[in-house]
Amino acid sequence: MLLGIDVGGTFTDAVLIADGAIVQQAKVATTQEQILTGILQALDSVLTQQSVAAIERVVISSTLVTNTLAEGKNAPVFLAVMPGPGMSTVGKFPVTPEVLTGYIDHRGQVITAPALEPERLKLNLEARVAAVSGKFAVRNPVNEQKVVAQLAPLGFEKIFSGSELSGELNFVRRTNSAYFAATVYEAFKTFATQVERSMAERKITAPLQVLKADGGTLPLAAALTQPVEAIFTGPAASVLGIEALGAPTLDAISLDVGGTTTDIAFWQNGKPLLAPKGAQVAGYNTAVRSFYLRSVGIGGDSLVTRVADVLQVGPQRSGKAMALGGAAPTLTDALLVAGLVTFGNGIAALAAMEQLTEPGETPQQVARRIIATATQTLATTITAMLKDWRVQPVYTVNDIMNGTPFEPQLLIGVGGGAPGLVTQLGQELQLPVQIPSGAMVANAVGAALARPTLTGTLRADTTEGFYSIPEAGLRKRLPATLQREQAEAILKSWLLTAAQRWQMPTQDVETLSYEEFFTLHDSYTTGKIITLKMQLQPGILHKITGREVAF
Amino acid sequence: MKPNLGLVFFPAFDWMISPTHPERQERLLYTRDQLVEEGIFDLPQIREYKPRLATLNDLERVHIGVPQLSQLITPAHLVSAGSCLTAADAVMRGEVKRSFALVRPPGHHAMRVVHGIRGFCVINIEAILVSYLRKTYGVKRIAIVDTDVHHGDGSQDIFYHDPDTLYISFHQDGRTLYPGTGFPNEAGSPGAFGTTINLPLLPGTGDAGIHRLFDGLIKPLLDDFAPEIVINSAGQDNHFSDPLASMAVTAQGYASLADKLQADIAVLEGGYSVEAALPYVNTGIILAMAELDYSQVIEPDQSALRPQPAACMARVEQLISEVGQLWQNRAILSKKALAQAQGSWSRQKNIYYDEEGINETQIETVHYCKECRGYLTWQSTATNTRFGNQNAFIVSVEPTSCPHCREQARAEALQAKSCNQWQYVLLQDQLTGVIENI
């Protein structure tokens, strides 16, 4: 049996999956101060004494640590950077960094070694965690490693380095990733401890994993080495949930209609599309891999207001719909009056619409207009996402001539408000709509079924005679000739070793990208540069058949 | 806030002339690495654009290929030309303040009549850009500042008779470098005299020299000409580390020049120091055009940089004075030359295609008209092309050509056809980009 838990800002969901089906599910209020209480409540609703012993794995996803960032509760971080010559970094990072000398060039050659004099550093004594990042450290981590070694005796609880968090080029994004990993470290540790305690209290001994923004999972212990990957997982869980409940084989757009927001994602060949660059965290660009996803401030609980003839839906939310006992009119009330959803108190919903009705209109007309306003906002975002996806630059003639365009042919709706809202949107966009059953707890389902994943980058420069795997902090000598197969074998073996270390099942390793360029000197070929990216395939363990349960 | 710079980056990682050619896949690899690592594409002041494909008509508004242009180009050429059109649209639609097409393959050695590849170029992407700006946006006065180390003989060839296009090129003296042309006396045909400006510099000229030349001559000329659009043919091989040339300009020199010029549209040309120069020069130019701080963009290795010899500055001062004078007198000189020409003006050209060993002999004639800009004819004979030896008689009418000239042009084409001396008789309409095989 697989247990999935999603700790959201409002609800904590839990599902238990066995034999390809949801066997138990629960939705309880999240207890903000002591999340342990909420998790225990959710566990107790889905577990029996028999099922505890049968649990093979627990996966947890949460937006709680993200929320601490949104509230500006960043823990102080000592941030050291080595930008070398190039673009000015003023204002690029969330805090003012300590700028050290030390520079690696684009080929990975050390131009200047770092000069760090710990006694002279204006150390931020409040900071218990540190982050170190250097330009082109992914090409050669030696400068970052020197600085980490020099900082180690100063008593930091944890030091993160940018190149270990991401093997991708982009110094600014890696630096921000390292900063956010450091600033959420203690909050994440507290969260992890509480989760571990809840499992212990219910005698669950199965491996405990957390979900990442790219839809893969990591063992909780491994997540502590890269907490930034695990702080952004709410939408990822819902995307995986959709994959589990019936991934579309056509090009499709999914909408997860929650209480406050609707998360929109794109699908091609049965897989959610990944964002071409990393995710934004608290307004800063990071190297965190994530799905191509956008959140719109429209959900079932979105407050509806009227000023003269203008109806506004969201982004503020009301407690709950009047149809469900709330105090102010919401989108859900409009959906009920328009006959697009069937739950809740119809009379209360009608009263909600009447509050917004002017002489000469019927409540039904107003409800229709509210829904049209909401679907219009969603349609606008979808149009913008489509446009941004299509204008993504490509760098080869082949990609320009033979690229695969994204042409949506289907809408998929999950979440409470989906049946009404997405059906309406489908009519507007002239696309068929699917609402998979089990859609109400898609997040927890996604978490339960997510596959563990690891990503690695190998960069080999045969002229230099070295290869490096930044995620491993590794730089090693290389045979003079290196073919693609050997490079893949080296990286695959590192990925599998790392997977074993974290007791992750070692399933298929896939190549994400491969680049090979010959290097010349004075018109003679001197070697080649290979850049290879591979991963343990993310996705879901297996599909399931969902079922709807009223909460 | 509208971004300051629209960036069309197309490194064409799968296009090359040959595996060991300077124009090979890897040319912009290190530049890509530097730009991505710096985080350039994430800057709010910069918007990246995906290139579109130019159409054959876009190309044939400028070029006449023999036997056909479509047999001489690769899809990569449609992308690099299309990138320039994308860059133009971004600026003309007001989406960005200015734009930079950082693309390959390059173009400034491609002339109007094309038999093959010369100087790494088949089609002239700046000329295609100019023709597109005129046709689509009605732009009339355009200036091109060519900062490549080689004389842009293709651009010169195409704009030699066009008084509305000011073509300014500074480059390493043609007596010491390919293609061997580009002296001040090549100043334009009688109807466009003075709108081709050639500034040959001595080997070893560095930042001080090119900046003195810009401040003392190029800037005043541009101010005087008052173009609606300024294009920069942004070659980067004046860099001190370039393997094909002998100049001494640094990334800072190029970046501050881009800052002073603030071209509306820049287009990459040459630059073959792919590791030591291009990553830094491009970062510098991009930051300058985006109005960001570029003062820290410095090559890690400047050991090959030599101080500028004194003779270099003397040449710069000489050019400022002589070419400045030519510019002042250009109206009188043009009038005089036109009077001498008496209805038509011809020149003979021997054109060598270094890439393929083609020798072309060409007689180009401008036919003047009182009502319009007239029309052009070429008698072109080329040996050793991939199609063997070939010759063509070509007639070209301009967008402004009057009905009489259009009739006259067609009559000349028909007459050439009837004398059976030419393998190909082609009639180009520069307005539609349609080439008729007569």
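The chains referred to below are lettered A, B, ... by the order of the sequence lines, with proteins before strands, and numbering in each begins at 1. Remember, predicted model here, so these are calculated numbers, not experimental data.
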Identify which of A/Phe518, A/Phe136, A/Phe171, A/Tyr395 forms the greatest number of heavy-atom pairs closer than 4.5 Å to chain B. A/Tyr395
State whether the side chain of B/Glu299 and the backbone N or O of B/Ala251 hold a donor-acceptor pair below 3.5 Å, judged by distance alone. yes
Which atoms of B/Leu53 are under 4.5 Å from chain A, going by heavy atoms: the side chain, the backbone, both sets, or neither? side chain
B/Phe13, part contacting chain A, at a heavy-atom distance under 4.5 Å: both
Find out whether B/Phe10 and B/Arg104 are in side-chain contact, i.e. whether some heavy atom of one side chain is under 4.5 Å from a heavy atom of the other. no
Is chain A contacted by the side chain of B/Pro19, its backbone, both, or neither, given a heavy-atom distance below 4.5 Å? backbone
Please confirm whether A/Phe93 and A/Tyr179 have ring centers closer than 6.0 angstrom. no
Please state whether the side chain, the backbone, both or neither of A/Arg390 comes within less than 4.5 Å of a heavy atom of chain B. backbone
Interface moiety of B/Pro279 toward chain A, non-hydrogen atoms closer than 4.5 Å: side chain
Calculate, to the nearest 0.5 Å, the distance between atoms NZ and CD belonging to A/Lys135 and B/Glu38 respectively. 3.0 Å
Most chain A-contacting option - heavy-atom pairs closer than 4.5 Å, from B/Arg32, B/Arg24, B/His21: B/Arg24
Applying a strict 4.5 Å limit to non-hydrogen atoms, the region of A/Ile111 in contact with chain B is side chain
Do A/Phe517 and B/Tyr30 have ring centroids that are under 6.0 Å from one another? no
Hey, is NZ on B/Lys2 packed in by over 12 heavy atoms from elsewhere, all under 6.0 Å? yes
Between A/Arg174, A/Lys92, A/His106, who has the most heavy-atom pairs with chain B when the cutoff is under 4.5 Å? A/His106
Report yes if some heavy atom in the side chain of A/Arg459 is under 4.5 Å from a heavy atom in the side chain of A/Ile529; otherwise report no. yes
So how far is it from B/Arg98 CZ to B/Leu5 CG, rounded to the nearest 0.5 Å? 7.5 Å
Top contributor to chain A contacts, counting heavy-atom pairs under 4.5 Å, from B/Val274, B/Val297, B/Leu292: B/Val297
Please look at A/Asn398 and chain B and tell me whether the side chain, the backbone, both or neither of the residue comes under 4.5 angstrom of a heavy atom of that chain. both
A/Met87 versus chain B, the contacting section by heavy-atom distance below 4.5 Å: both
Taking the six-membered ring of A/Tyr514 (Phe, Tyr or Trp), confirm whether the NZ or CZ of A/Arg484 is under 6.0 Å from its centre and within 45° of its axis. yes
Between A/Gly84, A/Gly86, A/Pro85, which shows the greatest number of heavy-atom pairs under 4.5 Å with chain B? A/Gly86
Using non-hydrogen atoms only, which part of B/Leu43 is less than 4.5 Å away from chain A: side chain, backbone, both, or neither? side chain
Which portion of A/Gln109 sits near chain B, non-hydrogen atoms under 4.5 angstrom: neither
Chain A shares the most heavy-atom pairs under 4.5 Å, among B/Val79, B/Val8, B/Leu29, B/Thr283, with B/Leu29
Using non-hydrogen atoms and a 4.5 Å limit, figure out which bit of B/Arg27 sits close to chain A: side chain, backbone, both or neither. neither
How about A/Leu273 and A/Leu293: do any of their side-chain heavy atoms sit closer than 4.5 Å? no
Evaluate the ring-ring contact (aromatic ring centres under 6.0 Å, His included) criterion for residues B/Tyr272 and B/Phe120: first the C-alpha distance (whole Å), next the side-chain angles of each, then the deciding distance (0.1 Å), finally the verdict. CA-CA 12 Å; B/Tyr272 299 94; B/Phe120 316 167; 5.2 Å; yes
Side chain, backbone, both or neither: which part of B/Val36 has an atom under 4.5 Å from a heavy atom of chain A? both
Highest number of heavy-atom pairs under 4.5 Å with chain B: which of A/Thr396, A/Val172, A/Asp399? A/Thr396
Does any heavy atom of chain B fall under 4.5 Å from the side chain of A/Thr531, the backbone, both, or neither of them? neither
Do any N or O atoms from the side chain of B/Arg47 and from the backbone of B/Gly6 form a donor-acceptor pair under 3.5 angstrom? no
Proximity breakdown for B/Phe41 and chain A, heavy-atom pairs closer than 4.5 Å: both
Pair B/Tyr178 and B/His109, ring centroids less than 6.0 Å apart: yes
